[in-house]
Protein chains: 2
Amino acid sequence: MSVDEQSRPPRVKRLPREVRERQILDAAVRVFSQHGYHNASMDEISEVAGVSKPMIYAYLGHKEDLFAACIRREAGLLMEAIAASVQADLPPDMQLWHGLRAFFHFVATQRESWRVLHRQAISQGGPFSDELLAMRTRAITLVDALLVRYATARGLDDAATSSTEAHAAALVGAGESLADWWLDHPEIPEKTVASWLMNLVWMGLGNLVNGTVWTPTPE
Amino acid sequence: MSVDEQSRPPRVKRLPREVRERQILDAAVRVFSQHGYHNASMDEISEVAGVSKPMIYAYLGHKEDLFAACIRREAGLLMEAIAASVQADLPPDMQLWHGLRAFFHFVATQRESWRVLHRQAISQGGPFSDELLAMRTRAITLVDALLVRYATARGLDDAATSSTEAHAAALVGAGESLADWWLDHPEIPEKTVASWLMNLVWMGLGNLVNGTVWTPTPE
DNA sequence: TCCGAAGCCTACTTGCTAGTAGGTATGGCG
DNA sequence: CGCCATACCTACTAGCAAGTAGGCTTCGGA
């Protein structure tokens, strides 16, 4: 029904605003990730956070605002984690590799953040999804840039470059899906999963650039 | 606010049960796909369907049941469409190819069905997602079987076979994501999109089986 | 022509939860 | 000390939407 007692912050009094805001956001992420946006009640969030409901409204605003704040914070953390792992002077394949590893690492260590980002945010067709969709688009664009750099470095042909954005979208989706799959198979090391995806996408693209493409046998 | 007038069924009287059930399901898929499960109201569905609310309860049961019925019907249609396109005696790559084309064709022609399947069902953490998650798992298993057949036909090594399920998960996710991307780029022909994905995954896998893998340069 | 079943509706109840009104402690500071 | 801002709470209200009670027509068959 509700979240573990033990991790609930003890009811302390008169803490400064920043601290309370953090506690509330933490609680909100947990509750949203467990029940989804609509089934999460402000009452439960306030209970988990160890404050009363009006505090939430005073500090973070309405339910929508609160949710958006969660998304923004968690998405920011994810993007930061990825950005921190990537050095701009490395070749594109190594950049992608490090980015992927950071991504999977984030998923493994911040499950609840990941759930709220992946499952909840997209499905709510409101003002939220914009926030999240924008983030996702940013990720796709980033990957796209890598692919373009890669294709340009090799002998590119027009067909290949026009499709990098689609490939980036496919990669991001594959990463999300693979991350979910991985959550059910925790025995696989993170490095292994990352390398699977790396190979799948990067080498598939490599062939495409080389002109070694698969074509259906005529019917 | 609500769905187009013109496509709403005219208020006819005393139709047989099967017809009304179809109308209700059609309406429910539309409304669920537009507003999401929670924001969809039974009142709106009944209005769009051209019947009164108690009819829905009499024929399809509670809101959850109705939603599950939608999922089951639409998922069934999708799986049927894919199954119908695949001939079991073809080689695995051709099977995958035809399956992918059927999938993208479905997404293009049944947008609302796709939306309700992809966006809504998974995110609702209730009894529904089970229904849908099972479907998705079935799809992954199906693809996995193809990959295994393929890997076995070539010289397989253990590492490659142990990872086919993960690759299947990645492919399914890539397909979903690419489908979404494609909805925003309708100028691309279906065949092209399908071939991108086909190449990306199939040839990536091909390299993996051959032992031509990407590895990070030592740091 | 009577009767039951199937099709269908209007109008209600009810429960839940977002959001608020209006207050009480507590600490700092002039 | 006395004032104000900040931190915080216990109640409430209000409104939406799920689900239902109870009844009214129409059709087919005995």
Side-chain angles (χ1 to χ4, degrees), chain A residues 1-3 8-28 30-32 34-70 120 124-128, chain B residues 1-3 8-28 30-32 34-70 120 124-128:
Chain A
M1 182 155 203
S2 60
V3 184
R8 218 172 282 182
R11 204 128 188 154
V12 200
K13 293 163 163 201
R14 295 189 73 74
L15 296 174
R17 176 169 183 153
E18 321 165 37
V19 178
R20 282 273 124 104
E21 282 188 353
R22 260 201 79 208
Q23 289 178 346
I24 293 171
L25 282 176
D26 290 344
R30 291 189 80 167
V31 177
F32 282 137
Q34 290 197 345
H35 306 310
Y37 177 74
H38 278 280
N39 292 317
S41 79
M42 297 298 270
D43 280 302
E44 184 176 352
I45 294 173
S46 75
E47 200 190 326
V48 171
V51 292
S52 71
K53 219 177 2 159
M55 291 296 302
I56 302 182
Y57 284 89
Y59 286 167
L60 278 311
H62 292 202
K63 193 179 184 184
E64 272 192 16
D65 305 325
L66 176 61
F67 188 69
C70 290
Q120 296 312 318
Q124 316 299 338
F128 336 111
Chain B
M1 180 157 203
S2 60
V3 184
R8 218 171 281 182
R11 201 123 188 159
V12 201
K13 292 163 162 202
R14 296 187 74 74
L15 295 174
R17 177 170 182 151
E18 319 166 37
V19 177
R20 280 273 125 102
E21 282 188 354
R22 261 202 78 208
Q23 289 178 346
I24 293 172
L25 282 176
D26 290 345
R30 290 190 81 168
V31 176
F32 282 137
Q34 289 197 345
H35 306 310
Y37 177 75
H38 277 281
N39 291 318
S41 79
M42 296 298 270
D43 280 303
E44 184 176 352
I45 294 173
S46 75
E47 201 190 325
V48 171
V51 293
S52 71
K53 216 173 10 154
M55 292 295 303
I56 302 182
Y57 284 89
Y59 286 167
L60 278 310
H62 291 202
K63 194 180 183 183
E64 271 192 15
D65 305 324
L66 176 61
F67 189 68
C70 290
Q120 295 312 319
Q124 314 302 336
F128 336 111

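We name chains A, B, ... by the order of the sequence lines, and we start the count at 1 in each one.
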Asker: To the nearest Å, give me how far apart CD (A:E47) and C1' (D:dC9) are.
Answerer: 15 Å
Asker: Give each protein N/O atom lying under 3.5 Å from an N/O atom of nucleotides 22-27 of chain C, with the pair distance.
Answerer:
{"residue": "C:dT26", "atom": "O2", "partner": "A:R14", "partner atom": "NH2", "Å": "2.9"}

Asker: Hey, does A:D43 have a side-chain heavy atom less than 4.5 Å from the side chain of A:E47?
Answerer: no
Asker: For B:R17, give me all partners under salt bridge (charged side-chain N to carboxylate O under 4.0 Å, His left out), at least two apart in sequence or on another chain.
Answerer: B:E21
Asker: Might you point out which heavy atoms bring B:Y37 and B:K63 nearest each other, and give the distance in Å?
Answerer: O-NZ, 3.1 Å
Asker: Can you measure A:Y59 atom OH to C:dG19 atom C1' for me and round it to whole angstrom units?
Answerer: 18 Å
Asker: Is the B:F32 ring parallel, tilted or perpendicular to the B:F67 ring (thresholds 30°, 60°)?
Answerer: perpendicular
Asker: What are the two closest heavy atoms between A:S46 and A:S52, and how far apart are they?
Answerer: CB-C, 3.9 Å
Asker: If you compare every side-chain N and O of B:R20 against the phosphate oxygens of C:dC8 (OP1, OP2), does one of them come in below 4.0 Å?
Answerer: yes
Asker: Determine whether A:H38 and B:N39 make a side-chain contact, defined as any pair of heavy atoms from C-beta on separated by less than 4.5 Å.
Answerer: yes
Asker: Calculate the interatomic distance between A:L60 atom CG and D:dA7 atom P; express it in whole Å.
Answerer: 14 Å
Asker: Rounding to an integer number of Å, can you tell me how far B:M55 CE sits from D:dT25 P?
Answerer: 17 Å
Asker: Please report, rounded to the nearest Å, how far the P atom of C:dG7 is from the CD1 atom of B:I24.
Answerer: 11 Å
Asker: Distance check, rounded to the nearest 0.5 Å: A:M55 atom CE versus A:Q23 atom CD?
Answerer: 9.5 Å
Asker: For A:I45 and A:I24, which heavy atoms make the closest approach, and how far apart are they?
Answerer: CG2-O, 4.4 Å
Asker: I'd like a list of close polar pairs between nucleotides 16-19 of chain D and the protein, N/O only, cut-off under 3.5 Å.
Answerer:
{"residue": "D:dA18", "atom": "OP1", "partner": "B:A40", "partner atom": "O", "Å": "3.3"}
{"residue": "D:dA18", "atom": "OP1", "partner": "B:K63", "partner atom": "NZ", "Å": "2.9"}
{"residue": "D:dA18", "atom": "OP2", "partner": "B:M42", "partner atom": "N", "Å": "2.9"}
{"residue": "D:dG19", "atom": "OP2", "partner": "B:Y57", "partner atom": "OH", "Å": "3.4"}
{"residue": "D:dG19", "atom": "OP2", "partner": "B:K63", "partner atom": "N", "Å": "3.2"}
{"residue": "D:dG19", "atom": "N7", "partner": "B:K53", "partner atom": "NZ", "Å": "3.0"}
{"residue": "D:dG19", "atom": "O6", "partner": "B:K53", "partner atom": "NZ", "Å": "2.7"}

